[in-house]
Asker: 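The structure follows.
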Amino acid sequence: MTLEEKYIPDKVELKWQEYWDRSGIDKASADPSLKKFYCLEMFPYPSGKIHVGHARNYVIGDVIARYKRMRGFNVLHPIGWDAFGLPAENAAIKHGVHPAQWTYENIDSMKKQLRPIGLSYDWEREVTTCDTGYYRWNQWFFLKLYEKGLAYKKASFVNWCPSCATVLANEQVIDGRCWRCDSVVVQKELEQWFFRITHYAEELLQGCEELKGWPEKVVLMQKHWIGKSEGAEVDFPIEGTDRKLRIFTTRPDTLFGVRFMCIAPTHPLTAELVEETEGLERIKAKYGNVEEKEGLFTGHYAINPLNGERVPVYVANFVLMEYGTGAIMSVPAHDQRDFEFARKYDLPIKQVIMPDLTSKAGSRESGPIAEAYEGEGILVDSGRFSGMASPEAKKAITEYIEAKGLGKGTVNYKLRDWGISRQRYWGTPIPIVYCDKCGVVPVDEKDLPVILPRDVKFTGKGGSPLLDLPDFVRTRCPKCGGGARRETDTMDTFVDSSWYFVRYCSKKDEDALEKNNISYWMPVDQYIGGIEHAVLHLLYSRFFTRVMRDLGVLGLSEPFTNLLTQGMVGKETLRCPEHDWLFPEEAENGKCVHCGRDVERGRTEKMSKSKKNVVTPDDLIGKYGADTMRLFSLFAAPPERDLEWSDRGVEGAYRFLNRVWAIVYKSKFKVQGSKFGIDTVSELRPPAQGLLRKTHQTIKRVTTDIEREYHFNTAVAALMELVNELGAFQPVDDQDWAVLKYSIESAIMLLSPFSPHIAEELWEATGNRPSVFEQSWPQWSEDIAKEKEVELVIQVNGKVRAKVMVPEGLSDGEIKDKTLDEPKIKEILSGKAVKKIFVVKGRLVNIVIGGAGI
RNA sequence: GCCGGAGUGGCGGAAUUGGUAGACGCAAGGGACUUAAAAUCCCUCGCGCCUUAGGCGCGUAUCGGUUCGAGUCCGAUCUCCGGCACCA
């Protein structure tokens, strides 16, 4: 095999991509006799174009997949498309392209962008969520959830744009206005479908303890999101009625400090208690407004069941109907929010908790307090509970309440049920029909899928286009056969991504829920994706996995054993005072090419089309090849860290690959023909010994750096060091050539996960049969890797004073002797008393001395 | 406000368990090759000071502490980034 003198990436890369396609090396098959490794990157939304930020994500996954393959694992490394969702529908409204066409065309063009990167995907398992064959399973899961009472319908508030007549997602509401038409968004109550994720709240929380392979930060975010809090529910009778107001509190120890009550404007009792409807509307309008607390006295009083005190009941905009019971007891002395409310409406304050014993009574009489004391302490003015400490009092009061039938100890979660209804077209139809006679009726399993019709019109107004399709809406009731109306809402796209990793376990032509496949491949051993999915996607997937477990689809609870959240790729932004954001090529010497004004250099930000600070892999690959792009994006920073894109740095990676190429080219004839084994190391010439040692050290470093949380940046640095030595090595005899061959081959194998194409080419050029990925990952010998001489650092009082080379493995005593023999050290020590000598094996000696004359 | 994380040369970053701070790369400067340039190769490269060989002092956001020894551990402060934010 001959090697071109000059490294031409296009040629090499195309050749090996074709080779991999032909050989089917990236295809996976379940084989229980082999150890499996499931490597998964979060699948992309087909927006049309990828930038190097996306590419980095796939490259990280690809390195892991290729490395694990060489380590002998049967690797599953699939890819697919998160293909339903809003942008396709918006494109339809704006440009008149059908969402399906837009989506499939984008998938096509993204495939064209991905292919040249050289990613080792098994394309036989490609998943496209907008395919009927995929979303029919969303519908199947929906039916199963419905059967189990885990899917239900209830009224809830949504962001509603009156002008577009549509529901908006939270992120589509910008400063309270519609992102598309700028109308003021209102809260509208709609009937919506929900998944009862709260049924698994406790389990999802407990499960966090199992997520040892996840970044702690993400686990913490999940815990906060679930938001467990323990407390009590207590009934407060309302004076002059037979009604009771049930509240939730986490501080039963402050019950004697209640000064007023607050209920949510949407609380069922509110309408009953409030006569002043105008005032109530005012509070309702400010519901959830964080800036101002607004309250309205209902004219009613509640009775504190513990001490019989009579306290006023208010309606307040800050009390949420969705959490707890929708009503609270207000203890202004010990809750900052209640304190502020009390101040605003001039309500009394009563302290019942003292921070500690020393500050006792007295201070509680000493005039107004500046803020609430929210900590724990000792109870005062609390009847029989006075003198108890908060934790003890919480228990005692809760027990008392339960004994007297006034309420009960309760656990609450912030986690809400997952609203999955979208008044949108481009999503999975919810398999439900409404019959006048039978009410809500699920579609029969045998009638799945409910196919999303293609022939629709997009106006952007009047809600889902499905509403205007009589053929779709009008149907028969599965129960009574009478006329019925189909559900026109579609599912949240998070449903699609909550189980796609299970679909990948089987090939396209296999049953989606084939048990043997799933039990072999699941769980995902390494999941890689952006931190932006730390809560929702990952939580929904954990929920779905539990649902699938309870349906018998799979036998585990946690889908992702290890999670890597990679940092974003940023680039500085450029802005012209006249032409706004500029592409990098629109600025020359700090001037705008359009108008010549000074360009303002903005901060580094996540790459985005709108800010024009994107670098696409296509350009880079065209110029330097995929191997260079891959290498640089791995070398520039550890994967979990954000990275600023640097064009200069890319050139450095390119130079490195050229150097590797040149080394192999220069030595290829000798290396190819070399048949010598490596004799005992001691017989080698010292330079060859050195190179061999460096080679083994590098194998060790690259391997441990990859194993140590995928620190590819230092792995690549180690490889560069080896290549620097390889470049300087001058072989003179046959044994030198043998060492060189071994060293070059090792370097190629170590490089292969990072820059796979050039590695294949060079592997072949050194006289080996492809593919390098069928090789076992190289092994190192501790013995050969060990340095024969080590640098001993000599410190005096913690300061480095000398460095000497000493043989490896000296005893502490020998090291002390050597140190004190050193002329320079003798000089420093003369006339000083040595107090102590510390020896750190193989590293340094620290001599502690006193001042002169001591 | 609360909860996380980070802060190291001109830049990206390294230092794995408390033990030589700055690996590797980029940029910069100097040199070789060349008619010339590009490419490539070699050398220098934290800051300050001493005339040099060589040495000395300072230095990991700031201040303090523990230790023979601190980028690493502890306490306080500042800045930046991320998450949550009336959750009762």
Side-chain angles (χ1 to χ4, degrees), chain A residues 6 215-221 223-225 227-229 231 247-251 254 262 264 287-293 316-320 322-331 334-338 340-341 412-416 531-532 534-535 565 567-568 603 631-632 635-638 640-653 655-656 658-659 662 701 704-705 707-709 711 713-724 727-728 791-803 824 835-849:
Chain A
K6 198 167 156 23
E216 279 176 49
K217 178 193 168 119
V218 176
V219 177
L220 206 64
M221 281 164 75
K223 284 184 183 169
H224 285 328
W225 193 262
K228 180 179 183 174
S229 55
I247 58 93
F248 172 73
T249 180
T250 54
R251 293 297 300 272
T254 63
C262 290
Y287 179 62
N289 181 330
V290 182
E291 268 77 64
E292 40 189 333
K293 290 183 178 41
N317 69 327
F318 64 85
V319 179
L320 306 174
E322 294 81 11
Y323 184 78
T325 59
I328 60 167
M329 63 179 209
S330 291
V331 186
H334 304 294
D335 182 297
Q336 187 60 23
R337 184 194 45 207
D338 294 344
E340 284 164 23
F341 192 84
N412 256 305
Y413 300 89
K414 282 192 213 175
L415 182 68
R416 311 276 164 77
I531 186 76
E532 66 272 20
V535 178
T565 50
M568 67 175 198
R603 51 192 288 172
L631 194 71
F632 175 71
F635 175 64
E640 71 280 3
R641 186 131 39 148
D642 289 348
L643 172 156
E644 183 179 359
W645 193 260
S646 148
D647 295 331
R648 300 276 204 185
V650 178
E651 282 175 33
R655 274 199 286 269
F656 169 74
N658 272 289
R659 218 153 53 231
R701 275 182 64 192
T704 51
D705 284 350
E707 293 289 339
R708 178 173 60 98
E709 295 176 52
H711 277 202
N713 57 327
T714 49
V716 173
L719 202 49
M720 285 174 169
E721 282 185 45
L722 174 62
V723 169
N724 287 344
E791 191 182 48
L792 179 68
V793 172
I794 305 173
Q795 295 183 336
V796 177
N797 283 353
K799 286 193 173 167
V800 178
R801 292 298 160 187
K803 296 174 184 178
K824 181 151 185 227
K835 287 184 176 166
K836 200 163 167 112
I837 300 177
F838 292 87
V839 179
V840 182
K841 259 218 163 5
R843 284 187 185 268
L844 60 70
V845 178
N846 188 14
I847 305 167
V848 185
I849 59 168

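Just so it is clear: chains get the letters A, B, ... in the order the sequence lines come, proteins before strands, and each one is counted from 1.
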Asker: What pairs of nitrogen or oxygen atoms, one from the protein and one from nucleotides 52-56 of chain B, lie under 3.5 Å apart?
Answerer:
unit_1 : atom_1 : unit_2   : atom_2 : d
B:C56  : OP1    : A:Arg801 : NH1    : 3.1

Asker: Is a donor-acceptor contact shorter than 3.5 angstrom present between the side chain of A:Arg641 and the base of B:A6?
Answerer: no

Asker: For each nucleotide in nucleotides 42-48 of chain B, reading 5' to 3', give B when a protein heavy atom comes within less than 4.0 Å of its base, S when such contact involves only the sugar-phosphate, and - otherwise.
Answerer: -------

Asker: Taking only residues two or more places apart in sequence, or in another chain, which ones meet A:Asn797 in a side-chain contact (heavy atoms from CB on, under 4.5 Å)?
Answerer: A:Val848, A:Ile849

Asker: Checking A:Arg251 now: which residues fulfil side-chain contact (heavy atoms from CB on, under 4.5 Å) with it, not counting sequence neighbours?
Answerer: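 Partners of A:Arg251 by the side-chain contact (heavy atoms from CB on, under 4.5 Å) criterion, ordered by chain and then number, come out as A:Thr249, A:Asp253, A:Thr254, A:Ile353, A:Ser390, A:Lys394.
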
Asker: Dot-bracket, 5' to 3', for RNA chain B please: Watson-Crick or G-U pairs under 3.5 Å, [ ] where pairs cross earlier ones, | where the partner sits on another strand, dots elsewhere.
Answerer: (((((((..(((......[....))).(((((.......))))).(((((...)))))..(((((..]....))))))))))))....

Asker: Go through the side-chain N and O atoms of A:Ser229 and A:Asn412 and say whether any donor and acceptor fall under 3.5 Å apart.
Answerer: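 Short answer, no.
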
Asker: Sugar-phosphate atoms are those with a prime plus P, OP1 and OP2; base atoms are the rest. Using that split, label each nucleotide of nucleotides 22-33 of chain B B, S or - for protein heavy atoms under 4.0 Å, 5' to 3'.
Answerer: -BBSSS------

Asker: Partners of A:Lys228 by side-chain hydrogen bond (donor to acceptor under 3.5 Å, both in side chains), sequence neighbours excluded?
Answerer: A:Glu202

Asker: Polar atom pairs between nucleotides 65-72 of chain B and protein, under 3.5 Å, N or O only, would you list them?
Answerer:
unit_1 : atom_1 : unit_2   : atom_2 : d
B:C68  : O2'    : A:Asn846 : ND2    : 3.4
B:C68  : O2     : A:Asn846 : ND2    : 2.6

Asker: If the condition is side-chain hydrogen bond (donor to acceptor under 3.5 Å, both in side chains), which residues does A:Glu791 pass it with, not counting sequence neighbours?
Answerer: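 Not a single residue meets the side-chain hydrogen bond (donor to acceptor under 3.5 Å, both in side chains) criterion with A:Glu791.
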
Asker: Quick one: list whatever passes side-chain contact (heavy atoms from CB on, under 4.5 Å) with A:Ala327, sequence neighbours left out.
Answerer: A:Leu245, A:Ile247, A:Ile263, A:His267, A:Thr325

Asker: A:Val219: which residues meet the side-chain contact (heavy atoms from CB on, under 4.5 Å) condition with it, sequence neighbours left out?
Answerer: A:Cys208, A:Leu211, A:Trp214, A:Lys223

Asker: For A:Phe635, which residues count as a ring pair (Phe, Tyr, Trp, His ring centres under 6.0 Å) partner, sequence neighbours excluded?
Answerer: none

